[in-house]
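The structure appears below as structure tokens.
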Amino acid sequence: MGKVLTIIVLFSIYVIYSGWVFSPGTSSGVRMTQKAINGKNLWHSNNCQNCHQVFGLGGYMGPDLTTVTTDKSRGKLYAKAMLMNGGTRMPNFHFTENQADELVAYLDYVNNASTLQQQ
Ligand code: HEC
């Protein structure tokens, strides 16, 4: 009888715990705007991840961009300027101002979805 009771108690705890862990789903709660979606498409079509990482994934020629839009030493204006003009090693993609804004919107979405963002 003791063993059966133990199994029932453990199974009940397993069911309740699983329900509690999985009920919020996997959504981060950060919604993507159309502008950010356009930026994400530009990110992929221009292979930015060959040189850059977001969330630690990607190439290592360029810096990690997960929190570029909120870093105190970088920020949105710096990111946009880099996108419009290129850098010493960062290529100039000749983006329009609108495309640069879309890429910054995507990078800002990444930042907001990240737990690394600076306060
Ligand atoms: C050939 C490699 C390469 C590719 C491809 C590339 N970048 Fe870069 N990027 C760099 C390097 C290297 C830097 C650092 C600045 C420098 O040395 O020019 C940089 C800097 C940046 C910065 C400024 C952040 C910082 O910390 O300096 C942003 C924003 C950026 N890149 C975004 C992008 C986006 C968006 C794309 C795709 C459209 C892209 N990069 C494609 C190499 C690359």
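Every number for a ligand or one of its atoms is a count from 1 in the order of the listing.
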#### Entry: Met90 backbone or side-chain N/O/S under 2.8 Å from atom 8 (Fe) of ligand 1
yes
### Query
Which ligand 1 atoms, with their elements, are less than 4.0 angstrom from a heavy-atom of Pro63?
11 (C), 13 (C), 14 (C), 19 (C), 25 (C), 26 (O), 27 (O)
## Note on the structure
Contacts of Tyr60 meeting ring-ring contact (aromatic ring centres under 6.0 Å, His included) (sequence neighbours excluded), chain-then-number -> none
### Task
Among all protein heavy atoms, pick the one closest to atom 36 (C) of ligand 1 and tell me residue, atom and distance.
Cys48 SG, 2.8 Å
### Task
Could you tell me whether the side chains of Thr70 and Asn111 share a donor-acceptor contact shorter than 3.5 Å?
yes
### Query
Short list, please: which atoms of ligand 1 are under 4.0 Å from a heavy atom of Gly87?
18 (O)
### Task
Could you walk me through whether Met84 and Asn92 pass the side chain to side chain contact (heavy atoms under 4.5 Å, CB included) test, one step at a time?
CA-CA 7 Å; Met84 299 286 296; Asn92 185 347; over 6 Å; no
### Ligand-side contact atoms (ligand 1) for residue partner Gly62, heavy atom cut-off under 4.0 Å
10 (C), 11 (C), 12 (C)
### Task
Determine, considering heavy atoms only, which of Lys80, His52, Glu102, Gln49 sits nearest to atom 31 (N) of ligand 1.
His52
#### Entry: Beyond-backbone contact of Asp108 with Lys76, side-chain heavy atoms, under 4.5 angstrom
yes
### Task
Check the pair His44 / Gln49 against side chain to side chain contact (heavy atoms under 4.5 Å, CB included), numbers first and verdict last.
CA-CA 7 Å; His44 287 299; Gln49 73 279 2; 4.2 Å; yes
### Message
Evaluate Trp43 against Val54 for side chain to side chain contact (heavy atoms under 4.5 Å, CB included), listing each step before the verdict.
### Response
CA-CA 11 Å; Trp43 173 269; Val54 284; 4.2 Å; yes
### Task
State the atoms of ligand 1, each with its element, that fall below the 4.0 Å cut-off from a heavy-atom position in Phe95.
38 (C)
### Query
Partners of Asp101 by side-chain hydrogen bond (donor to acceptor under 3.5 Å, both in side chains), sequence neighbours excluded?
Lys80
### Query
Measuring from the heavy atoms of Tyr78, does anything fall under 4.0 Å of ligand 1?
yes
### Query
Where is the nearest protein heavy atom to atom 23 (C) of ligand 1: which residue, which atom, and how far?
Met82 CG, 3.5 Å
### Query
Which atoms of ligand 1 sit under 4.0 Å from any heavy atom of Met61?
1 (C), 2 (C), 12 (C)
### Query
For ligand 1, is there an N or O atom under 3.5 Å from any N or O atom of Asn46?
no
### Enumerated ligand 1 atoms positioned under 4.0 Å from heavy atoms of Leu65
24 (C), 28 (C), 30 (C), 32 (C)
### Query
Does any N or O atom in Thr88 lie less than 3.5 angstrom from one in ligand 1, N or O only?
yes
### Query
Are Asn98 and Thr96 linked by a side-chain donor-acceptor pair shorter than 3.5 Å?
no
### Query
Can you say whether the rings of Phe95 and Phe93 are parallel (under 30°), tilted (30 to 60°) or perpendicular (over 60°)?
parallel
### Message
Could you tell me, atom by atom, which parts of ligand 1 come under 4.0 Å of a heavy atom of Leu83?
### Response
32 (C), 33 (C), 34 (C), 35 (C)
### Summary
atom 26 (O) of ligand 1 sits nearest the protein heavy atom Arg74 NH1, 2.6 Å
### Task
Look only at interatomic distance and state if Arg89 has a nitrogen or oxygen under 3.5 Å from any nitrogen or oxygen of ligand 1.
yes
### Query
Do you see an N/O/S atom of Cys51, backbone or side chain, under 2.8 Å from atom 8 (Fe) of ligand 1?
no
### Task
For the residue pair Tyr106 and Tyr109, categorise the inter-ring angle as parallel (less than 30°), tilted (30 to 60°) or perpendicular (more than 60°).
parallel
### Query
Between CG of Leu107 and SG of Cys48, what distance do you get to the nearest 0.5 Å?
8.0 Å
